[in-house]
Peer 1: 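Shown below is the structure under consideration.
Throughout, residue positions are numbered sequentially from 1 according to the sequence presented.
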Amino acid sequence: MTAIEERELMALLEIYCDPGSPVLPPAESQLLVGAVTPADCLSRGKAPPTPAQRPMFSGFALARGARGSGMVPVAADSGSTTANYLLLFRRASRSEERGEILIQGLASKLARAMSIAADGVVPAKQRSGYGVDSLMAVERRNWIARDFGASVPVFDIMGGATIADIGTLVAEKTEFGS
């Protein structure tokens with residue numbers, strides 16, 4: 001949580017205490033003021049705290065800017081509290097660097113899903129060797145497409161490709177430049 005200014009609090013009270021206000025939420029809604037979102041953390045170059053990476057907070061992982069709707073995902077579920085792979089990936093200037101960053105991100109997400117240590121994931125090993133099922137492969141494909149701007153078929157993720165192969169493939173296919 002973060003502090004808000006007195007004028008902001010008074011403006012909120014004025015709006016929410018007025019029964020005729022057109023911006024009043026439905027009766028079952030609650031107002032949350034001063035929350036620090038994953039997007040706020042990432043904009044300051046800090047990783048979001050682990051509780052903020054839970055799926056129930058995924059709506060707070062949007063930052064103003066970029067693409068169509070004016071909102072862009074900023075990897076609330078980065079799989080790591082020590083690094084933001086999306087931010088590192090987009091800042092990387094070389095394809096090889098992007099590939100390495102994505103390999104680390106994939107290994108971290110896989111380790112988290114399998115409840116093992118991240119250093120226990122070997123990038124040269126096939127994902128199927130870790131028990132990756134079709135649902136997990138689809139989730140990873142969607143994560144790669146959404147956050148890293150690369151279309152990778154599920155069959156490449158489920159097939160004989162290693163984690164390192166997938167990282168290299170995404171780095172080559174990304175829409176974020178070369």
Peer 1: What residue among Asp156, Ile101, Ile144 forms side-chain contact (heavy atoms from CB on, under 4.5 Å) with Val170?
Peer 2: Ile144
Peer 1: Please report the closest heavy-atom contact between Ala171 and Gly99, naming both atoms and the distance.
Peer 2: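 Closest heavy-atom pair between Ala171 and Gly99: CB-N, 3.5 Å.
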Peer 1: Does one hydrophobic cluster hold both Met10 and Ile15, with members joined at side-chain heavy-atom distances below 4.5 Å?
Peer 2: yes
Peer 1: Ignoring hydrogens and angles, state whether a donor on the side chain of Thr162 or Asp165 is under 3.5 Å from an acceptor on the partner side chain.
Peer 2: yes
Peer 1: Please assess Val121 against Ile163 for the test side-chain contact (heavy atoms from CB on, under 4.5 Å), listing each intermediate value before the final yes or no.
Peer 2: CA-CA 9 Å; Val121 176; Ile163 296 167; 3.5 Å; yes
Peer 1: Which value, rounded to the nearest 0.5 Å, describes the distance between Leu13 atom CG and Asp18 atom CG?
Peer 2: 12.0 Å
Peer 1: What closest approach, in Å, do Phe148 and Thr174 show between heavy atoms, and which atom pair accounts for it?
Peer 2: O-OG1, 2.6 Å
Peer 1: Quick check for you: to the nearest 0.5 Å, what is the distance between Leu12 atom CG and Cys17 atom SG?
Peer 2: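 Reported to 0.5 Å precision, the distance equals 10.0 Å.
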Peer 1: Quick one: side-chain contact (heavy atoms from CB on, under 4.5 Å) partners of Glu5, sequence neighbours excluded?
Peer 2: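 If we apply the side-chain contact (heavy atoms from CB on, under 4.5 Å) test to Glu5, skipping adjacent residues, the hits are Arg7, Glu8.
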Peer 1: Closest approach of Arg140 and Lys109, non-hydrogen atoms and distance?
Peer 2: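 Looking at all heavy atoms of both residues, the closest pair is NH2-O, 3.6 Å.
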Peer 1: Closest approach of Pro153 and Lys173, non-hydrogen atoms and distance?
Peer 2: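 It is CD-NZ, 4.1 Å.
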Peer 1: Looking only at heavy atoms, what is the nearest atom pair of Ala161 and Ile166, with distance?
Peer 2: CB-CG1, 4.0 Å
Peer 1: Hey, are the side chains of Leu110 and Met136 touching, using non-hydrogen atoms and a 4.5 Å cut-off?
Peer 2: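 Yes; the side chains approach each other to less than 4.5 Å.
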Peer 1: Let me check something: do Phe155 and Leu169 share a hydrophobic cluster, defined by ILVMFWY side-chain heavy atoms less than 4.5 Å apart, either directly or through other members?
Peer 2: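 No.
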Peer 1: Measuring from Leu88:CG to Leu102:CG, what's the distance to the nearest 0.5 Å?
Peer 2: 11.5 Å
Peer 1: Is the backbone of Ala164 close enough, under 3.5 Å, to the side chain of Thr168 for a donor and an acceptor to pair up by distance?
Peer 2: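 A pair under 3.5 Å: yes.
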Peer 1: So, do Leu106 and Trp143 sit near enough that their side-chain heavy atoms are less than 4.5 Å apart?
Peer 2: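 SC-SC contact between Leu106 and Trp143 confirmed.
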Peer 1: Quick check: closest heavy atoms across Ala137 and Val154, and the distance to 0.1 Å?
Peer 2: CB-CG1, 3.8 Å
